[in-house]
*Asks:* 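Please read through the structure below; I'll follow up with questions.
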There are 2 protein chains.
Amino acid sequence: MAVTNRDMANAIRALSMDAVEAAKSGHVGLPLGMADAATVLFRKFLKFDASNPDWPDRDRFVLSAGHGSMLIYSLLHLTGYKSVSRDDIRNFRQLGSNTPGHPENFVTKGVETTTGPLGQGIATAVGMAMAERHLNARFGDDLVDHKTYVIAGDGCLMEGVSQEAITLAGHMKLNRLIVLWDDNSVTIDGNIDVADSTDQCARFEAAGWVTRKVDGHDPKDIEAGLKWAQKQKQPVFLAIKTIIGYGAPKLAGTGKAHGGPYGAEEVAGIRENIGWPHEPFEVPAPIEKAWKKVGERGKDTRKAWKERLMASPHKGEFNAAIAGRLPKNLSKAIIKHKKAVVEGGEKKATRQWSGAALEVLTHYVPEMVGGSADLTGSNNTKTAVTGPMTPKDWAGRYVHYGVREHGMAAAMNGMSLHGGIIPYSGTFLAFADYSRAAIRLGALMGARVIHVMTHDSIGLGEDGPTHQPVEQVASLRVMPNMLVFRPADGVETAECWEIAVNRENGPSTMALTRQGLTPARKEHTDENLCEKGAYVLSPSGVKSREAAVLIATGSEVEIALAAQAELAKEKIHVRVVSMPCMELFAQQDEKYQRETLGGDLPKVGVEAGVRIGWDRWIGPKGGFVGMDSFGASAPYGDLYKHFGITAEHVADTVKGLI
Amino acid sequence: MAVTNRDMANAIRALSMDAVEAAKSGHVGLPLGMADAATVLFRKFLKFDASNPDWPDRDRFVLSAGHGSMLIYSLLHLTGYKSVSRDDIRNFRQLGSNTPGHPENFVTKGVETTTGPLGQGIATAVGMAMAERHLNARFGDDLVDHKTYVIAGDGCLMEGVSQEAITLAGHMKLNRLIVLWDDNSVTIDGNIDVADSTDQCARFEAAGWVTRKVDGHDPKDIEAGLKWAQKQKQPVFLAIKTIIGYGAPKLAGTGKAHGGPYGAEEVAGIRENIGWPHEPFEVPAPIEKAWKKVGERGKDTRKAWKERLMASPHKGEFNAAIAGRLPKNLSKAIIKHKKAVVEGGEKKATRQWSGAALEVLTHYVPEMVGGSADLTGSNNTKTAVTGPMTPKDWAGRYVHYGVREHGMAAAMNGMSLHGGIIPYSGTFLAFADYSRAAIRLGALMGARVIHVMTHDSIGLGEDGPTHQPVEQVASLRVMPNMLVFRPADGVETAECWEIAVNRENGPSTMALTRQGLTPARKEHTDENLCEKGAYVLSPSGVKSREAAVLIATGSEVEIALAAQAELAKEKIHVRVVSMPCMELFAQQDEKYQRETLGGDLPKVGVEAGVRIGWDRWIGPKGGFVGMDSFGASAPYGDLYKHFGITAEHVADTVKGLI
């Protein structure tokens, strides 16, 4: 007897519900509903080879509705990925298993991106699809020619980030992006009509997509839809009508079907209704075999691809790009740039210095793809070699993301996860708040992305408190696996950029000024002094009579230096420590930390932001010159005076302490 | 000679460009482009009385494209608001002026909400329009019967939050919400087609709006559009086609027209092109007079309204609601509730205790309107007296916001600003990241809103690191004017709620557990012990030999208490301080702080979050038991052990310190 699509889909259903019952938690509604569609997708369309999850030219499959993680674990397990064994399925949601509650790409091979926070998957997938087109333009059809599939739920589509993602995708005409919407008309609070009345197909069409309605429990209709999707010139939105919790006697089609174990009775009812008389976690051999064959379907395609790669003149370049290896001469180029900066001695904003560093970096690193959320001129993110990336010129390396900070951050995650691109992009630091959910996901995943965040304090002046970050630097410092850089001048900016670009296992944020700064570094060093996070920028001169330590970052370093000079006139000798990256400094050994910060000497922190995060370095009794409220609208010189972030105030604070 | 709409619009244009030139910064592109439409709106439609900016039944006007602030300042000034004098216009963007770079409602009377971060205005306006309908249902047409107008730009519409806002508005059939889109086809990076191809009218229609295209420089067409808008049964989107920087010889219609002073030559060209031969900041008397008349247009309407109010049986209730006064018996009811909680001695999650507190609060405070971003059952935000608010039952006090955290937070700001509502709503704490931009704006504006954020640590268990906050509590603590509460049991939850609801000048966040907690407070006190932010929950018992101090919040208080008991067995006597609100504790005098924290005794902080923010209380050498990485997916008991947040570890940390 032939194994049908339905039989195979039922294996997903059974494993999913058995796992959720065993874990006593999880979300089986989506796997039950989308099993038929996912089975057709994997059986007939998705290009993959279960034995080679890292094959660069595989299709990407993103489960944006990440709570339905048992769908993806079932698929990976059944198709033969080594990463998910039957025992992993049994250990769903347990400590140390490969099957965490939501799909985590850094835990489970075959999972392309971490999902769960709604809307992130679809927005990340847009970045993956852009990366594919860009690398296709760079390396040709022989090496890069794949699609990106997404399963998204109502929750994903209600999140604002989805709008940023789909309008960007529509604008970019990403026809290799195919979204399967699990159109089950149910959310946690009840029927969708409790909270939403959006005509999703019309909405996607307004964003430049093509759409088609599909019966999610009819394999033929699903296949016809996916076949049609292959030929479109625009991104594709398939509205797959399904029944959430398909098969469950009482719960199917209700809000309660979304999550939680259904209980023995419902599960028995499902077994009965879908015709699955087998024991928990048991899959009959013919169905297992049919699924394994699906996992091997792409083997020959992959082999042929591998042969093309081996024969390609681009081989070395392609492998280096995918591995994210930087050119060997980059380090020297940065040293040369630093030398020129010191010699020039110019007063410039660090955003301008960032632009200058990017000219060097983007010249040497073809994998760097930049962009801005409609603030290109302000963020200084566009360089000579990075032309606009458009549907007509995918080789371009600069994305005009539009006013879409959140979609931009998510797309950067997608590019990074896809491989072959080191993305960076710009906005104002205050608007990090808009993209924080995606920034965090990048930190969790260890994505190599760089967030250029200019206008990093009240120093931006007249635009006022809505645009003035006072707590954003601190708010990013609290995020695990994030490096926050706040360089003080052109040299530090170049050094911080060097660290950020070299960082392979997580995101970096560059907090940069709008206003011009006096150079802090007067002498050239080949060594990257920012690498340890903080260093003595200007010794006290009279070590035996050193009275205090000033620690500053970014634009406040020049204020600390001015205070040092003033104090020296009064024979009060202090050192100035520049601390461009607290997280890196925290990684140094205690000896270096104590030496740099002058042991038990009284300390004053200077940063045009909130104090939280500083006590670790200056102590609760240390002085702090910064902000303890929102800012105000005025020319920035007036604001620094108004809020007391001045050399005089720093000097007075020192005097009060010693 | 009759003063025309164009003459009056030109006064806006002139004041706007003169102010931007004088300030040498600002954005004149929008005022130049939208002056005609805004003039028609104020002259013929907007219900307001310049001499009574607080009139509760006025129409609300929101400039979502806040960078065009000179438009609103010109309008306020010309119509006779006392808040904006000619000198204020001259002092645009200067320290202490009433005319900051972006409109700030807490600075300038007549400005309804602070805008600038794009998309926030339109999303806030949705909350205002909901508040109007709700209060209309409560108090009737006689007292509440007004509209909400929004001017939004392309940037607002590209932001994801706008999608959440417009789908919510469409779903709620907010026909008194009228959006005027400044359809100028230009953003900062250039023509809109550099970054966007969305068919905005189709998009709004997909969200349940009606739309109409309008020629933004033809007063008759604008008037016809606004007239039509009054009669619709759905929210209205007017696509007002304009030329950005209208009149500027070189810049009009270009990306460069967006911001920055245009310079003397362009400004002279504009004067010539629009026929405005007057000196800077000069407005001819007939035009001034015509504008003043506009400002007085609503006087009689307001008087009639006032008479209706004076005669209304609802007068007292209405005034109390608008003033946000709480009933006098509330405090007693909370005390009674606290007593019952202590006597019950139940082990429950603080999210459940929050639900219990809300039963009391919503019963006594009819102004409280709740909701959740599709997590009603998990957030415990729905109470017996709060039925769903729907287009068919506006009297409902519970909003099913859908999966729209950002739109929800912005709508809450709008309800609060509108007056008459004290909004609260729920989501998971991890997803505070989605709504942070709106949360921040609420903090800046001092909006009285309460964010219920449940599932506040790894204690949520199996859903894993995407859902587990480790840095969110810290990230909210760094925000100025935000109170973050993390109560430890049912009594503390009630006390924190009491403080939050009473707080009139800013937002509060309630960080609440998913998991059940042993009661921390065993004895009833009428006094609200949380009011000082921290207090000695459990003294060491042997004060003379007190060895250390444990400071904990929320779910970790029970761990600290267990550690205290363990240590006592070894004759190590420590006190336990509960610190439900760091910000309130920081406001206490030093004496109370030192006494509570046991002076110089060694301290150990215990919180299932990052350490940043704690050093102030425990010192850099203090011990901390918490998180220094993202979480993991597993049952929560396993996670607490895995990450070492246990009584044993706390006890060991104390021993290591003393």
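Lettering follows sequence order; numbering is per chain, from 1. No experiment lies behind these values; they were computed from the predicted model shown. Both backbone and side-chain heavy atoms feed into the values below; hydrogens, waters and symmetry mates do not.
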*Asks:* Does the side chain of A/E159 reach to within under 4.5 Å of the side chain of B/E405, using non-hydrogen atoms?
*Replies:* yes
*Asks:* Looking at B/L375, B/N481, B/I166, which one has more heavy-atom pairs under 4.5 Å with chain A than the rest?
*Replies:*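 Answer, by heavy-atom pair count under 4.5 Å with chain A: B/L375.
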*Asks:* Highest number of heavy-atom pairs under 4.5 Å with chain B: which of A/G116, A/G96, A/G464?
*Replies:*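 Most pairs with chain B among the choices: A/G116.
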*Asks:* By a 4.5 Å heavy-atom criterion (distance strictly below it), what part of B/F431 contacts chain A: side chain, backbone, both, or neither?
*Replies:* side chain
*Asks:* Given that the side chain runs from C-beta out, which part of B/E205 has a heavy atom under 4.5 Å from chain A: side chain, backbone, both or neither?
*Replies:*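 For B/E205, no heavy atom lies under 4.5 Å from chain A.
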*Asks:* Could you check which of A/D199, A/L157, A/T114 has the highest count of heavy-atom pairs closer than 4.5 Å to chain B?
*Replies:* A/D199
*Asks:* Between A/I439, A/T198, A/T390, A/L168, which residue shows the highest count of heavy-atom pairs closer than 4.5 Å to chain B?
*Replies:* A/T198
*Asks:* Does the side chain of B/R611 come within less than 4.5 Å of A/R616's, by heavy atoms?
*Replies:* no
*Asks:* Please determine which of B/P100, B/S25, B/S97 meets the side-chain contact (heavy atoms from CB on, under 4.5 Å) test together with A/S633.
*Replies:*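 That would be B/P100.
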*Asks:* Chain B heavy atoms under 4.5 Å from A/T115: which part of the residue, side chain, backbone, both or neither?
*Replies:* backbone
*Asks:* Chain B: which of A/G101, A/P480, A/G160 shares the most heavy-atom pairs with it under 4.5 Å?
*Replies:*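 So the answer, after comparing A/G101, A/P480, A/G160, is A/P480.
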*Asks:* Measure the shortest side-chain to side-chain distance between A/Q120 and B/Y434 over non-hydrogen atoms and say whether it is less than 4.5 angstrom.
*Replies:*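 A side-chain contact under 4.5 Å exists here.
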*Asks:* For the interface with chain A, which of B/R477, B/H27, B/H102, B/E164 has the highest count of heavy-atom pairs at distances below 4.5 Å?
*Replies:* B/H102
*Asks:* Using a cut-off of under 4.5 Å for heavy-atom pairs, which of A/H642, A/H400, A/E471 has the most such pairs with chain B?
*Replies:* A/E471
*Asks:* Does A/D196 form a side chain to side chain donor-acceptor pair (under 3.5 Å) with B/H171? I'd like the steps, not just the answer.
*Replies:* CA-CA 6 Å; A/D196 192 48; B/H171 178 69; 5.8 Å; no
*Asks:* Where do B/D433 and A/R440 come nearest, in terms of heavy atoms and distance?
*Replies:* OD2-CD, 3.4 Å
*Asks:* State, yes or no, whether a side-chain contact exists between B/S475 and A/R436 at a heavy-atom distance under 4.5 Å.
*Replies:*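 In short, these two side chains touch, coming nearer than 4.5 Å.
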*Asks:* Among the options B/G609, B/A373, B/P465, B/G407, pick out the one with the most heavy-atom pairs lying under 4.5 Å from chain A.
*Replies:*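 Heavy-atom pairs under 4.5 Å are most numerous for B/P465.
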*Asks:* So for B/L441, is it side chain, backbone, both, or neither that comes closer than 4.5 Å to the heavy atoms of chain A?
*Replies:* side chain
*Asks:* In terms of heavy-atom pairs under 4.5 Å with chain A, which of B/L118, B/V610, B/D638 leads?
*Replies:*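 Sorted descending by pairs with chain A, the first entry is B/L118.
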*Asks:* Charged N to carboxylate O under 4.0 angstrom, A/K24 versus B/E462?
*Replies:*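 Looking at A/K24 and B/E462, the cut-off is not met.
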*Asks:* Look up atom CE in B/M158 and atom OH in A/Y401, then write down how far apart they are to the nearest 0.5 Å.
*Replies:* 14.5 Å
*Asks:* Once you round to the nearest 0.5 Å, how far does CZ of A/F204 lie from CZ of B/R203?
*Replies:*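 These two atoms lie 12.0 Å from each other.
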*Asks:* So do the side chains of B/V403 and A/D154 get within less than 4.5 Å of each other, counting heavy atoms only?
*Replies:* no
*Asks:* Using non-hydrogen atoms only, which part of A/I618 is less than 4.5 Å away from chain B: side chain, backbone, both, or neither?
*Replies:*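 Contact with chain B: none, neither part.
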*Asks:* Side chain from CB out, backbone as N, CA, C, O: work out which of these in B/P391 comes under 4.5 Å of a heavy atom of chain A, or both, or neither.
*Replies:* neither
*Asks:* Given the rule in the side-chain contact (heavy atoms from CB on, under 4.5 Å) test, do A/R93 and B/D463 qualify, once you have shown the distances and angles that lead to the verdict?
*Replies:* CA-CA 8 Å; A/R93 296 183 148 231; B/D463 273 351; 2.6 Å; yes
*Asks:* Quick one: of A/C201, A/G155, A/A23, A/A207, who has the most non-hydrogen atom pairs under 4.5 Å with chain B?
*Replies:*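 Result: the option with the highest number of such pairs is A/G155.
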*Asks:* State, yes or no, whether a side-chain contact exists between B/Q163 and A/S162 at a heavy-atom distance under 4.5 Å.
*Replies:* no
*Asks:* Given that the side chain runs from C-beta out, which part of B/S629 has a heavy atom under 4.5 Å from chain A: side chain, backbone, both or neither?
*Replies:* backbone
*Asks:* Examine whether an atom of B/A443 lies under 4.5 Å from a heavy atom of chain A, and if so say whether it belongs to the side chain, the backbone or both; otherwise answer neither.
*Replies:* both
*Asks:* Given a strict heavy-atom distance threshold of 4.5 Å, which part of B/Q472 is in contact with chain A: side chain, backbone, both, or neither?
*Replies:* side chain
*Asks:* What residue, out of B/D189, B/L444, B/D615, has the most heavy-atom pairs lying under 4.5 Å from chain A?
*Replies:* B/D189
*Asks:* Identify which of B/G461, B/A632, B/A195 forms the greatest number of heavy-atom pairs closer than 4.5 Å to chain A.
*Replies:*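 Most pairs with chain A among the choices: B/A195.
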